[in-house]
Amino acid sequence: MKKATFTALLSLFSMFGLAQQPANRPTLVAGIPVNYQEDSVAAYNLPRLLTCSDGQRVTSSKIWAKKRRPELLKWVEEIQFGKMPARPKAMSFNVFDKGTLAFGGKALRKQVTVYFTKDTSDWKMNLVVYLPVAAIKPSPLLLSISFAAYNQVIEDSGLLVGTIWSREGKRIKADKPSAFGKINVEQFIDAGIGFAMVYYGDIEPDFKDGIKYGIRSKYLPAGQTDVNENEWGAISAWAWGLSRAMDYFQTDKQIDSKRVALQGASRLGKTVLWAGIHDTRFKMVIASISGEGGAALARRNYGETVQHITDPSRYLYQFAPKYHSYATQLDKLPFDAHALVALMAPRPLLLQTGSTDYWSDPKGEFLSAQAASPVYQLFNKQAPATSAMPAAGDTSLLMNELGYFMHEGGHTVLPTDWAHFIAYMKKYL
Ligand code: GCU
């Protein structure tokens, strides 16, 4: 029997030090109170998506695409995630595994080293790609960004053993099983969809001051040890790495690079949302439990808030430094998470949440999708504009170009969620 896929994401909360169960939900995080009472959510006004900053009403998809989208995109980039550099000129790909049969011959496996710079001793990302052997045309693909090296989460003995970051900030061999469980790649292949994976730490480490070891440091002017206030945090760096994987896909004739979906969970759910917004070559995004800084409304003070997430003792390094200056004056922020959702339009976006993932505010994600719906509707795409919030396990809003689904359970991606993602990709990819 296949190992349960990624249920060990449950362990994320223990790893990142936050309890999930209502009984032991912390009331203070970084010394800042956390609200879990629906009736203590303060009233808020969301910035209007369909009014440009000069007052012009957005009455067509054309005005959205030409005028409103660019201004929102610029704000999200310069305030929340930070500007990232263009594709590096010196980048190169080494396809060291050119196509090996895997999974009993049903998949063709490739492994690629993506060198970000001329220096091939470092600054590289490992990428694994599985394609359905049965395909007669270039394959669509799901690119997943992972908390573990791909050899730790995929059951395939032919994989390169990568390296991961230890808690002490050292690169160590990824030769032990990870806490993140396994992913069942065959389920995608059986559905005629390719699967690719990268490890986020190959791009940038995920800890405070990790910038000195990551790709961002390569771009710092001499003598500077941190980015400027509107420049890339770690989430932008991870998103940038996903774009570099896309650069490879565009060179591979067996991949249909116009049909690539992104998936990631948690901070990597935030990452895929931002990557998909920023790089429109991605056809689809499946953002799992992205929460605060992802699809959940920032102005709704429920669970984690901008103040919690950008606290310098926590995750400020994941964002543009400037984002922190909005933590206590959210009314000044010229956008909210509904803009992040809307910036994906008209491309398919699926938001997956969990009913007991209070910290990530699943309702805040639903309200965000609802507020973004008019933008999808400008493009005549299905979105949950007037529906009520679905109950746990209710799939009625899943199969929309702007889809929303809340599983029964916590901060994780369940095997049943993967099955939903496959159905979603079959319909919209
Ligand atoms: C923390 C953080 C969340 C994040 C999560 C994760 O809980 O506060 O914003 O989504 O880690 O990445 O699991």
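Numbering of ligands and ligand atoms starts at 1, following listing order. Below, each value reflects all heavy atoms present in this structure, side chains not excepted, and no hydrogens, waters or symmetry copies.
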Novice: Where on Leu268 is there a heavy atom closer than 4.0 Å to ligand 1, on the side chain, on the backbone, on both, or on neither?
Specialist: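 Within the 4.0 Å criterion, Leu268 makes no contact with ligand 1.
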Novice: With a 6.0 Å cut-off (strictly less than), is the heavy-atom count around CZ of Arg281, excluding the residue itself, greater than 12?
Specialist: yes
Novice: Among Glu304, His411, Arg314, which residue places a heavy atom closest to atom 3 (C) of ligand 1?
Specialist: Glu304
Novice: Among Arg171, Lys124, Arg244, find the one that has a salt bridge (Lys or Arg N to Asp or Glu O under 4.0 Å) with Asp202.
Specialist: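 Answer to the salt bridge (Lys or Arg N to Asp or Glu O under 4.0 Å) test with Asp202 among Arg171, Lys124, Arg244: Arg171.
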Novice: What pairs of donor and acceptor atoms, side-chain ones from residues 343-350 against any protein atom, are under 3.5 angstrom apart with sequence neighbours left out?
Specialist:
unit_1 : atom_1 : unit_2 : atom_2 : d
Arg347 : NH1    : Gly276 : O      : 2.9
Arg347 : NH1    : Phe282 : O      : 2.7
Arg347 : NH2    : Gly276 : O      : 2.9

Novice: So, 4.0 Å and heavy atoms of His308: is ligand 1 close enough to count as a contact?
Specialist: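 No.
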Novice: Below 3.5 angstrom, do we get any N/O pair linking Arg267 and ligand 1?
Specialist: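 Between Arg267 and ligand 1 (N or O atoms, distance only) the closest approach is under 3.5 Å.
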Novice: According to ring pair (Phe, Tyr, Trp, His ring centres under 6.0 Å), who are the partners of Phe335, at least two apart in sequence or on a separate chain?
Specialist: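 In terms of ring pair (Phe, Tyr, Trp, His ring centres under 6.0 Å), with neighbours along the sequence ignored, Phe335 is linked to no residue.
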Novice: Counting each atom of ligand 1 from 1 as listed, which ones have a heavy atom of Lys270 under 4.0 Å away?
Specialist: 3 (C), 4 (C), 9 (O), 10 (O)
Novice: May I ask you to list the atoms of ligand 1 that are less than 4.0 angstrom from any heavy atom of Ile309?
Specialist: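 Listed by number with element: 9 (O).
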Novice: Any side-chain heavy atom of Asp311 within less than 4.5 Å of one from Leu316?
Specialist: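 Result no, sub-4.5 Å side-chain heavy-atom pair not found.
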